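All values reported here derive from a predicted model rather than from experimental measurement. In this chain, residues are counted from 1 in sequence order.
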Amino acid sequence: MCHYLNFSPTIAEYNADSRNVQMFFNDLINFAQKLGTEDKRAIAKNLIQY
């Protein structure tokens, strides 16, 4: 799963000032909670999947 593609719309909305910091943080928390065990392990080890 490409996490960048899933989260990039939220980043774009934040950069366009259509989301405030609190909304962005809540979206980030929700995104992180949806990650599976393998995803979390890969992120912690800074692994990149192409």
Side-chain angles (χ1 to χ4, degrees):
M1 176 184 292
C2 182
H3 300 299
Y4 174 75
L5 293 177
N6 290 334
F7 200 66
S8 63
T10 303
I11 295 169
E13 290 174 2
Y14 176 77
N15 288 338
D17 290 332
S18 62
R19 288 201 176 274
N20 65 31
V21 174
Q22 187 63 48
M23 291 171 66
F24 182 79
F25 182 74
N26 289 340
D27 290 344
L28 181 60
I29 295 298
N30 290 333
F31 177 78
Q33 289 174 342
K34 292 179 186 176
L35 294 175
T37 303
E38 281 300 307
D39 295 322
K40 291 176 184 176
R41 184 189 66 79
I43 291 168
K45 294 184 180 264
N46 202 24
L47 301 175
I48 300 171
Q49 182 179 22
Y50 293 100

- Message: Going by the rule side chain to side chain donor-acceptor pair (under 3.5 Å), which residues pair with Glu38 if we only count those two or more places apart in sequence or in a different chain?
- Response: Arg41

- Hey, any chance Ile11 and Val21 share a hydrophobic cluster, counting ILVMFWY side chains that come within less than 4.5 Å of each other, even indirectly? yes

- Side-chain heavy atoms of Asn20 within contact of Met23, under 4.5 Å: yes

- Query: Hey, what do you get for CG (Asn30) to CG (Leu35), rounding to the nearest 0.5 Å?
  - Reply: 11.0 Å

- Query: In Å and rounded to the nearest 0.5 Å, what is the CD to CG distance from Gln33 to Leu28?
  - Reply: 10.0 Å

- Shortest non-hydrogen separation from Lys40 to Ala32 and the atoms involved: CE-O, 3.8 Å

- Query: Using the benzene-type ring in the case of Trp, are the ring centres of Phe7 and Phe24 under 6.0 Å apart?
  - Reply: yes

- List for me each residue that meets ring-ring contact (aromatic ring centres under 6.0 Å, His included) alongside Phe25, sequence neighbours excluded, and say none if there are none. none

